[in-house]
Amino acid sequence: MKYIKVRKIGNSIGGIFPKEWGLHEGDVLNVRREGNLFILDAQDSAKEQDLQLIEESFADFETKRTVSETEMEELFGKYGWKK
């Protein structure tokens with residue numbers, strides 16, 4: 001089990017999350033409380049990150065900054081990349 005120490009941040013309190021949780025600055029967590037148990041749900045943050053990656057991929061496609069598999073093999077074949 002991981003522990004999160006609650007700290008004073010200005011007039012509020014907050015916690016530092018372990019890096020291996022994969023959270024990023026600006027992520028928004030859904031929180032619900034069941035008695036003394038706090039449940040943090042990062043599913044919406046993960047969806048937002050996936051959406052951002054997809055949008056960046058389409059931006060590359062629209063600006064023709066994509067590389068075909070044939071081009072990848074020509075560029076990186078000497079390193080063992082094969083389609």
Side-chain angles (χ1 to χ4, degrees):
M1 172 181 270
K2 295 284 183 183
Y3 295 93
I4 299 171
K5 184 174 183 177
V6 177
R7 301 167 186 216
K8 183 172 174 56
I9 303 173
N11 291 329
S12 300
I13 58 170
I16 306 296
F17 298 97
K19 186 177 186 179
E20 57 268 10
W21 284 12
L23 297 171
H24 299 88
E25 183 177 344
D27 284 352
V28 177
L29 304 175
N30 295 320
V31 181
R32 80 174 185 271
R33 184 174 184 173
E34 294 179 6
N36 288 333
L37 182 65
F38 290 89
I39 300 170
L40 305 175
D41 183 357
Q43 184 174 8
D44 290 340
S45 291
K47 285 180 187 177
E48 185 63 35
Q49 290 171 10
D50 291 346
L51 180 60
Q52 183 178 353
L53 288 172
I54 291 168
E55 288 176 353
E56 288 171 5
S57 295
F58 278 116
D60 287 345
F61 181 76
E62 290 173 357
T63 59
K64 303 207 184 313
R65 291 190 311 185
T66 58
V67 180
S68 70
E69 288 183 358
T70 303
E71 291 170 313
M72 287 291 288
E73 190 168 4
E74 289 172 6
L75 292 169
F76 302 107
K78 63 183 173 188
Y79 302 110
W81 195 93
K82 300 211 183 296
K83 62 179 181 173

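Considering every non-hydrogen atom in both H24 and D27, the closest pair reads N-OD2, 2.6 Å. Between I13 and V6 the shortest heavy-atom distance is CD1-CG1, 3.6 Å.
F38 is linked by a ring-ring contact (aromatic ring centres under 6.0 Å, His included) to nothing, counting only residues two or more places apart in sequence or in another chain. Under the rule for a salt bridge (Lys or Arg N to Asp or Glu O under 4.0 Å), the partners of R32 that lie at least two apart in sequence or sit in another chain are E34. By the side-chain hydrogen bond (donor to acceptor under 3.5 Å, both in side chains) test, R7 is found to be paired with no residue, residues two or more places apart in sequence or in another chain being considered.
In the hydrophobic clustering, where aliphatic and aromatic side chains (Ile, Leu, Val, Met, Phe, Trp, Tyr) are joined below 4.5 Å either directly or transitively, I39 groups with L37. Grouping Ile, Leu, Val, Met, Phe, Trp and Tyr residues whose side-chain heavy atoms lie under 4.5 Å apart, directly or via other members, leaves I9 alone, with no other cluster members.
Pairs engaging residues 16-26 under the salt bridge (charged side-chain N to carboxylate O under 4.0 Å, His left out) rule: K2-E20 [sequence neighbours left out].
The structure places CG of L40 at 8.5 Å from CG of L23, a figure rounded to the nearest 0.5 Å.
A chain of hydrophobic side-chain contacts below 4.5 Å, direct or via other Ile, Leu, Val, Met, Phe, Trp or Tyr residues, connects F17 to V31.
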